[in-house]
There are 2 protein chains.
Amino acid sequence: METLRERKKQRTRDALLRAAVELFTSQGYEGTTVDEIAAAVDVSQRTFFRYFAGKDEAALALVEMTVERFVEAVRARPPHEPPLEALRQAVLEGWYSINEVVESVVPVELYLRMYRVIESTPVLLAAHLRRSVEVEEDLARVIAEREGLDVDADPRPRLAVAVFSGVMRVTERQWSTGADFSLDRIRALTSLYLDGVGPALLGDWREA
Amino acid sequence: METLRERKKQRTRDALLRAAVELFTSQGYEGTTVDEIAAAVDVSQRTFFRYFAGKDEAALALVEMTVERFVEAVRARPPHEPPLEALRQAVLEGWYSINEVVESVVPVELYLRMYRVIESTPVLLAAHLRRSVEVEEDLARVIAEREGLDVDADPRPRLAVAVFSGVMRVTERQWSTGADFSLDRIRALTSLYLDGVGPALLGDWREA
DNA sequence: GAGGTTAGTGACAGCCGCTGACAATTGACA
DNA sequence: TGTCAATTGTCAGCGGCTGTCACTAACCTC
């Protein structure tokens, strides 16, 4: 069992995160001040910054949880799977198991709404994209290791991951700006767009 | 001929941009305050913000010039070229004509150094990536139009552009973190990686 | 070329995100 | 229970950014 201190810390962090997400999704990211979040948990502003490096980190914390899980899922895919297949399966796994990851902090409903806030708030989208670049680097190393390659000598791991991530970006964007904002929808879109990348790279689209 | 007012404005903007880039490249982005930049041009801080929406906009202004040029170059490619070929040629054109675009404000040398600052400053990299997403949307529309497609009905334009942009991201990153930081180098890397994307997408890399 | 109009600027005040420093409090552990 | 360490609150301050308003300089018309 954890110590009382650790439990208290965890509770404070969860409370801050929950309060932040609730405020962000209801009044918008820019329309929410850190003071408000801290006040909602009855904690000093300084304490907020001891748990989150910045306001944006609180906004991205939920997505971060799923992202870490996704990288682990790729790492755990059977080694014989080709790179793109492993990435595809891992991301689909992620969308199916999202409940268990998020629900301990906030309802999935809030997670989805937070996703829209991120996508529609320039500074958050920027931070999210920057984080994605780091994740791509991690993924490239995982893929390289799976294939027994040196990530700095062979460009294919980074290129494959970049292509995959590019497709996922399009997917997220279409999903978050569309009308059907359900989990089923993004699962479907993921498969659809991953299947579509081949045809999109063919020289002449008019033949197809 | 432009009016005197417009010329003055242009000169102030250029001076601010030049001062900003010089300070950013010499003392770093975070290590430079807006007050410093304004003082270097002998202008109030308030005036700086009348020309640039934020400190980051001044840091990205040079790249923005080349990006706009690039989009125009894609638009101007011969219509019979397949999408990826048009994008490839346009980006290479861009690297060859960069002097004429940038030199009116700062020496190309400074432009290149600024690129490294962007790539190594988290908040700038984030802003740069966010802008890239917007550019991708523009490019997708251009490509769709070239091919006579509806960008919202056919996913291929967005997918092709996303793949291309992903490869260019890898290129920029490798270039800016490598030892050879020359124009020749990025031209070579661009071709190399664009050629590499095909093999990277094949199912089994061990065959190749 | 005088006089009114408009655009650009400076000065000031203020909000918000974020940080360092130090003191106060609370849990851990002997 | 007393000591030590971890957590928190308070306060002071910096830097990015914005609204406001008065002032100056360029423009335009007669």
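Model, not experiment: these values are computed from the prediction. Each chain gets a letter, A, B and so on, in the order its sequence line appears, and its residues count up from 1.
Taking side-chain N and O atoms only, B:Lys9 has a distance below 4.0 Å to OP1 or OP2 of C:dG8.
The side chain to side chain donor-acceptor pair (under 3.5 Å) check on B:Asp42 picks up nothing, with sequence neighbours excluded.
For B:Tyr51 and D:dG16, the OH to C1' distance is 20 Å, given to the nearest whole Å. As a whole-Å value, the separation of A:Gln45 CD from D:dC11 P is 13 Å. In this structure, B:Lys55 places its NZ atom 21 Å from P of C:dC16, rounding to the nearest Å. Across the protein-nucleic acid pair, A:Phe48 atom CZ and D:dT10 atom P stand 17 Å apart, rounded to whole Å. Atom NZ in B:Lys8 sits about 11 Å away from atom P in C:dG10, given to the nearest Å. Taking atom OH of residue B:Tyr29 and atom P of nucleotide D:dG15, one finds them 14 Å apart after rounding to whole Å. Distance, B:Glu57 CD to D:dC17 C1': 13 Å, rounded to whole Å. Straight-line distance from the CZ atom of A:Arg11 to the C1' atom of C:dG27: 13 Å, rounded to whole Å.
B:Arg75 and B:Glu72 are joined by a salt bridge, as a carboxylate oxygen and a charged side-chain nitrogen come within less than 4.0 angstrom of each other.
Mapped onto DNA chain C by nearest heavy atom, B:Arg5 and B:Ser44 fall at different nucleotides, with B:Arg5 at the one closer to the 5' end.
In this structure, B:Asp154 and A:Trp205 have side chains that are not in contact, with every pair of non-hydrogen atoms separated by 4.5 Å or more.
A donor-acceptor contact under 3.5 Å is not formed by the side chain of B:Arg46 with the base of C:dG8. Between the side chain of B:Arg50 and the base of D:dT18 there is no donor-acceptor pair of N/O atoms closer than 3.5 Å.
Among all heavy-atom pairs drawn from A:Ala40 and A:Ala19, the shortest one is CB-CB, 4.1 Å.
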